[in-house]
Amino acid sequence: MTDVPRPGQLVTHDELLGRPEVVAPALLGCWVVTERPEGTTAVRLTEVEAYSGAGDDPAAHSHRGPTPRSAVMFGPPGHLYVYFSYGMHWCANVVVGAEGEGSAVLLRAGEVVLGEELARGRRPASAVHRDLARGPARLTAALGIGPDDRDLLLLDPRSPVRLHRGTAPVAVTAGPRVGITHAAELPWRFTETGAPTVSAFRAGVRRRPPAG
DNA sequence: TCAATGATCCCCT
DNA sequence: GGGGATCATTGAA
């Protein structure tokens, strides 16, 4: 028996109710654990973003009502919303708030705390420890989360992807969200204060300059 | 600094 | 029912 770090108890349904910008910072320090045939990996969350489905957040995928892609967001809290981004990446969210609301928390970055060797095998060989889960697509890659995990209940002890409480309180810093073009001014990005695994800050970069 | 890359969704027929 | 802009990004240069 080796001395392996262990997560806390599973996050509960009730802990995920409430406004996303209130629930999101409480998820910092929590562990996302994935159990696969090849082994277990876990990431301790250091960066998340809140997206509100209450109709006040044009950056939320749920903003225009349920679609085939975003239907999971309108389900009960605690489920995994996975979407495909930029033609090559998968990003993971935790559904929060009441059923039918459409709010979610994007898992932006974390630190690999279990199964580093396995995580490293899912990432480019050049990645150093700090960068293994630094960024939303890197985080899903390191954990091996993909389209097959859509809608999984993270609060179920039998689920292969779960959300556990952390082992210690976390100091939280709030700031503007990253990489979006709408409502980027809302301070709904939450990071663990001083964490080296927080992703690079690139707010609302345009892919092409405005015409003229 | 910028190319890669494709599902999704709006809007028009 | 179909075309085309959009996009909650990353990695290499």
Side-chain angles (χ1 to χ4, degrees), chain A residues 19-21 23-25 27-28 32 43 45-74 79-97 101-112 119-151 154 174-191 196-212:
Chain A
R19 289 282 305 175
E21 71 272 25
V23 174
L27 294 182
L28 292 177
V32 181
V43 158
L45 296 175
T46 57
E47 178 177 355
V48 296
E49 275 177 1
Y51 288 86
S52 170
D56 53 352
D57 184 2
H61 284 176
S62 55
H63 182 242
R64 295 178 229 267
T67 66
R69 177 176 70 156
S70 66
V72 173
M73 292 180 75
F74 291 88
H79 286 262
L80 185 64
Y81 168 52
V82 180
Y83 71 93
F84 191 59
S85 175
Y86 292 93
M88 59 197 91
H89 305 301
W90 292 95
C91 297
N93 301 246
V94 179
V95 176
V96 304
E101 181 178 312
S103 294
V105 174
L106 170 66
L107 309 181
R108 282 200 60 88
E111 178 193 6
V112 174
R120 192 177 295 280
R122 296 166 174 151
R123 299 266 299 119
S126 59
V128 300
H129 172 81
R130 189 194 63 173
D131 291 343
L132 281 175
R134 185 179 186 232
R138 293 166 171 176
L139 183 146
T140 57
L143 288 172
I145 290 175
D148 294 344
D149 302 312
R150 264 186 279 238
D151 204 21
L154 303 172
R177 295 183 291 186
V178 178
I180 59 175
T181 54
H182 298 292
E185 73 285 357
L186 290 174
W188 285 3
R189 170 178 177 256
F190 302 95
T191 61
T197 48
V198 166
S199 67
F201 178 67
R202 284 177 288 174
V205 289
R206 302 183 67 109
R207 301 188 62 226
R208 269 169 292 182

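Numbers restart at 1 for each chain; the letters A, B, ... are given by sequence-line order, proteins then strands.
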Practice task
Can you figure out which of C:dT10, C:dA8, B:dG6 approaches the side chain of A:Ile180 most closely?
Solution key: C:dA8
Handout entry: Polar side-chain contact A:Tyr86-C:dA8 base: donor and acceptor under 3.5 Å
Key = no
Practice task
Could you check how far CZ of A:Arg134 sits from P of C:dT9, rounded to whole Å?
Solution key: 14 Å
Problem - Of residues 55-67 of chain A, the positions that come close to DNA chain B - non-hydrogen atoms, cut-off under 4.0 Å - result: A:Arg64, A:Thr67
Fill in the blank from the handout: A correct dot-bracket answer for DNA chain B, with pairs being Watson-Crick or G-U at under 3.5 Å, [ ] for crossing pairs and | for inter-strand pairs, is ||||.|||||||.
Exercise for the section: Measure from the side-chain N and O atoms of A:Arg123 to the backbone N and O of A:Val128, and report whether any donor-acceptor pair falls under 3.5 Å. Expected result: no
Exercise for the section: Drop me the distance from A:Arg130's CZ to A:Thr197's OG1, to the nearest 0.5 angstrom. Expected result: 9.0 Å
Problem - Distance, rounded to the nearest Å, where A:Met73 contributes CE and C:dA8 contributes P - result: 12 Å
Practice task
Give a yes or no on whether a salt bridge exists between A:Arg177 and A:Glu49, defined as a side-chain N under 4.0 angstrom from a carboxylate O.
Solution key: no
Handout entry: Presence of A:Arg189 side-chain N/O under 4.0 Å of C:dA8 phosphate oxygens OP1/OP2
Key = no
Exercise for the section: Return the nearest nucleotide to the side chain of A:His89; candidates are C:dT9, C:dA8, B:dA4. Expected result: C:dT9
Handout entry: Distance-only polar pair, side chains of A:Tyr81 and A:His61, donor-acceptor under 3.5 Å
Key = yes
Exercise for the section: Would you give the length of the straight line joining atom CZ of A:Arg108 to atom CG of A:Leu28, rounded to the nearest 0.5 angstrom? Expected result: 12.5 Å
Problem - Shortest side-chain distance from A:Tyr51, nucleotide among C:dA8, B:dA4, B:dA7 - result: C:dA8
Problem - Partners passing side-chain contact (heavy atoms from CB on, under 4.5 Å) against A:Arg64 (at least two apart in sequence or in another chain) - result: none
Practice task
Using atom CD of A:Glu47 as one end and atom P of C:dA8 as the other, report the distance to the nearest whole Å.
Solution key: 15 Å
Fill in the blank from the handout: Whichever of A:His182 and A:Asp131 has the more 5' nearest nucleotide on DNA chain C, that residue is A:His182
Practice task
Send over the distance from A:Leu106 CG to C:dC7 P, rounded to a whole Å.
Solution key: 16 Å
Handout entry: Nearest-Å distance for atom pair CZ/P, residues A:Phe84 and B:dC9
Key = 14 Å
Problem - Note, A:Val72 side chain near A:Val82 side chain (heavy atom, < 4.5 Å) - result: no
Problem - d(CZ, A:Arg177; P, C:dT9) in whole Å - result: 11 Å
Practice task
Measure up the A:Trp90 and A:Phe84 rings against each other and bin them: parallel (under 30°), tilted (30 to 60°), perpendicular (over 60°).
Solution key: tilted
Exercise for the section: I would like to know whether A:Thr46 and A:Thr191 meet side chain to side chain contact (heavy atoms under 4.5 Å, CB included); could you show each step before the answer? Expected result: CA-CA 5 Å; A:Thr46 57; A:Thr191 61; over 6 Å; no
Exercise for the section: Take atom CZ of A:Arg69 and atom C1' of C:dT6, then tell me their distance rounded to the nearest Å. Expected result: 10 Å
Exercise for the section: Give a yes/no answer on whether the side chain of A:Arg138 brings an N or O atom under 4.0 Å of OP1 or OP2 in C:dT9. Expected result: no
